[in-house]
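Down below is the structure, laid out as structure tokens.
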Amino acid sequence: MFDKFHDECGVVAVYGHPEASKLAYLGLYALQHRGQESAGICASDGNQVFTHKSMGHVADIFTSAVLRELPGSLAIGHTRYSTAGDTVLLNAQPFSVACNKGKIAIAHNGNITNAAELRADLERRGAIFQASSDTEVVLHLMAHSSERTLAGALRDALLQLEGAFSLVFLAEDRIIVARDPHGFRPLAVGEMEVSGGRKGYAFASETCAFDLLGAVYLHDVEPGEMIIVGPEGMTRERYAPERNRAHCVFEHVYFARPDSIVFGRAVEESRENLGRLLARECPADADLVVPVPDSGVAAALGYSDESGLPFRQALIRNHYVGRTFIEPSQAIRDFGVKLKLNPVRHLLQGRRVVLVDDSIVRGTTSRKIVRMVRQAGAREVHLRISCPPTMSPCFYGVDTPTRSELIASNHNVDEIRKFVEADSLGYLSIGSLRTAVADVNHEYCYACYTGDYPTELVNIQELMAAKKK
Ligand code: AMP
């Protein structure tokens, strides 16, 4: 069936550029942090839809020879990370099919929470599924729709979905994009100049993709909105009624790149705010502030600014850790973390260190990092986390383990402190998290910190699971 804790992904779409697949490739390259397991591009030259997808990193998959086989002025792309056991190429996106609505392809970021029910119903009606991913459901719902137009069939399909979806969709001569009515995952719209004064359009999970392909960020696809770009130009339509907004706050805490604008807000600004507020709520008597790179850097800058403690990069990250690395056959303790991070001993020797990271999930990596800093000579290690304790799994597209594996779901802060072996541990409060992202209108989802899910089905399922225990 479907993997419960779904894929982290990035999506991109390009319309009206003679080298659409190359631009989609550049967009995916900038979105690589959103998923490193597989990537794919579908392009159309107006008549035919061409697809290439593979396991691995974007830059390794899309050689010039591969991109030459993806001609046309329209393209969509996808990059994906999934939990272990579900890494097969069959689940790599985009998915493309030829059906009664024409040749179509789809790529999806998010998690459709009623996909299992929809799939069971479609299978009863004779649908045959190729993959275990929830995204394929959308194609089958469209094929089964009695609506004759593509946009009509898509609208029909989208209205049956629950949960999180930022979708990009390619037909022979048009791109359609849509976002779920809660707006869980981001999706931005950009515009670019194409030779001859014509306009091209780009859509991407994050605006950092636009910077690389020379597009200007215009606005977001609104929650519950569908945008179509085709030969007749661009049309925007609200396909679903207004719902409570639930933008994923974890995009600002960790997931998105700091050079992106997500939900209309600069990620770097949010992260520095998180650090400043953390310094006010959880001060430490220490000598220096050290980030866990890269995820803790912006918050550590904010913490340093607010506390007046010097900021030092005393952990250095190796950015070139590839998949092909062969570990020595003899077990080396904490090898995984040592591969990625190395301490700068002369900065840490005898010092009292505030170590800033964005989150603790299971606690195992954090413990290794605290040990590393201490072994490098730090006298005290005060761990500061720029969000509240992560207590509940995400069902909307962030890869989190089951509730029982989340250390904060069954341990209090002092127990976690002992586990990670820190001298002190401080988390940011929910109120400060809300302030840091300027959520004055209650438009963000905080379910991973509160267990209060913004959609009914997930709340009911979680309540039932809790009762069974
Ligand atoms: P741990 O101490 O084992 O819980 O690991 C904490 C580290 O995992 C932190 O440095 C986080 O930046 C990182 N992290 C948090 N959420 C995720 C996620 N969804 N995917 C990958 N890494 C994450």
Side-chain angles (χ1 to χ4, degrees), residues 110 163-164 166 179-188 205-207 220 222-224 242-258 260-283 291 295-307 356-361 383-398 400 406 408-409 412-413 416 425-456 458-459 462:
S166 282
R179 213 165 148 218
D180 69 74
H182 297 283
F184 281 106
R185 308 253 69 90
L187 190 58
S205 298
E206 290 180 40
T207 59
D220 286 348
E222 289 294 311
E242 192 86 38
R243 301 285 284 275
N244 54 316
R245 293 201 171 178
H247 305 320
C248 170
V249 78
F250 198 57
E251 292 275 353
H252 276 269
V253 170
Y254 166 81
F255 201 44
R257 257 172 54 163
S260 285
I261 294 169
V262 166
F263 311 129
R265 184 177 167 76
V267 175
E268 173 73 17
E269 191 186 347
S270 297
R271 287 200 190 146
E272 285 190 28
N273 282 347
L274 292 170
R276 274 193 204 99
L277 295 166
L278 185 61
R280 273 188 227 161
E281 285 190 343
C282 311
S295 54
V297 172
L301 277 168
Y303 195 103
S304 162
D305 246 18
E306 184 70 22
S307 64
V356 180
D357 203 358
D358 66 277
S359 54
I360 297 178
V361 183
L383 185 59
R384 296 292 179 268
I385 302 297
S386 63
C387 69
T390 307
M391 301 210 269
S392 309
C394 178
F395 296 91
Y396 307 114
V398 171
T400 37
L406 289 169
S409 81
N412 64 30
V413 174
I416 301 170
L425 170 63
Y427 283 95
L428 192 71
S429 68
I430 284 270
S432 287
L433 176 56
R434 186 168 275 141
T435 306
V437 297
D439 183 18
V440 280
N441 297 320
H442 298 272
E443 294 187 332
Y444 278 79
C445 172
Y446 301 91
C448 54
Y449 309 118
T450 62
D452 184 12
Y453 295 94
T455 59
E456 211 174 329
V458 171
N459 262 330
E462 280 296 276

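Values below: all heavy atoms of this structure, side chains included; hydrogens, waters and symmetry mates excluded.
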**OP:** Give a yes-or-no answer on whether the side chains of S270 and R265 include a donor-acceptor pair shorter than 3.5 Å.
**Re:** yes

**OP:** Kindly assign one of parallel, tilted or perpendicular to the pair H247 and F263, based on the angle between their ring planes and the thresholds 30° and 60°.
**Re:** parallel

Subject >> Closest heavy-atom pair and its distance - D357, S295 >> reply: OD1-OG, 3.0 Å

Subject >> Heavy-atom closest contact (T390 atom, S359 atom, distance) >> reply: OG1-CB, 4.4 Å

Subject >> Test item: side-chain donor near acceptor, T435 and N273, under 3.5 Å >> reply: no

Original post:
Which value, rounded to the nearest 0.5 Å, describes the distance between H252 atom NE2 and E269 atom CD?
Top reply: 9.5 Å

**OP:** Taking the side chain as every heavy atom from C-beta outward, state whether L406 and P393 have any atom pair closer than 4.5 Å.
**Re:** yes

Original post:
Would you say the side chain of C445 lies within less than 4.5 Å of the side chain of H182, judging by non-hydrogen atoms?
Top reply: no

Original post:
Would you say the side chain of V262 lies within less than 4.5 Å of the side chain of F255, judging by non-hydrogen atoms?
Top reply: no

Original post:
Is the closest side-chain heavy-atom distance between T400 and C448 below 4.5 Å?
Top reply: no

Subject >> Intermediate values then yes/no, salt bridge (charged side-chain N to carboxylate O under 4.0 Å, His left out), R384 and E281 >> reply: CA-CA 10 Å; R384 296 292 179 268; E281 285 190 343; over 6 Å; no

**OP:** Check Y427 against P388 and note the closest heavy-atom contact, atom names and distance.
**Re:** CD2-C, 3.7 Å

Original post:
Can you find a side-chain donor-acceptor pair between D439 and Y446 that sits under 3.5 Å?
Top reply: yes

**OP:** Locate the shortest heavy-atom distance separating D180 from A164; write the atom from each residue and the value.
**Re:** OD2-CA, 3.4 Å

Original post:
Taking C-beta and beyond as the side chain, do R185 and V398 meet within less than 4.5 Å on heavy atoms?
Top reply: yes

Subject >> Side chains of E251 and V267 in contact at under 4.5 Å (non-hydrogen atoms) >> reply: no

Subject >> Pairwise side-chain contact, L433 with Y444, heavy-atom cut-off 4.5 Å (strictly under) >> reply: no

Original post:
Could you state the interatomic distance from CD (E443) to CZ (R434), rounded to the nearest 0.5 Å?
Top reply: 11.5 Å

Subject >> Least distance between heavy atoms, Y303 atom then A279 atom >> reply: CE1-CA, 3.3 Å

Subject >> Residue pair D358 / L274, side-chain heavy-atom distance below 4.5 Å >> reply: no

Original post:
If you take all heavy atoms of P223 and R179, which pair is closest and at what distance?
Top reply: CD-NH1, 3.7 Å

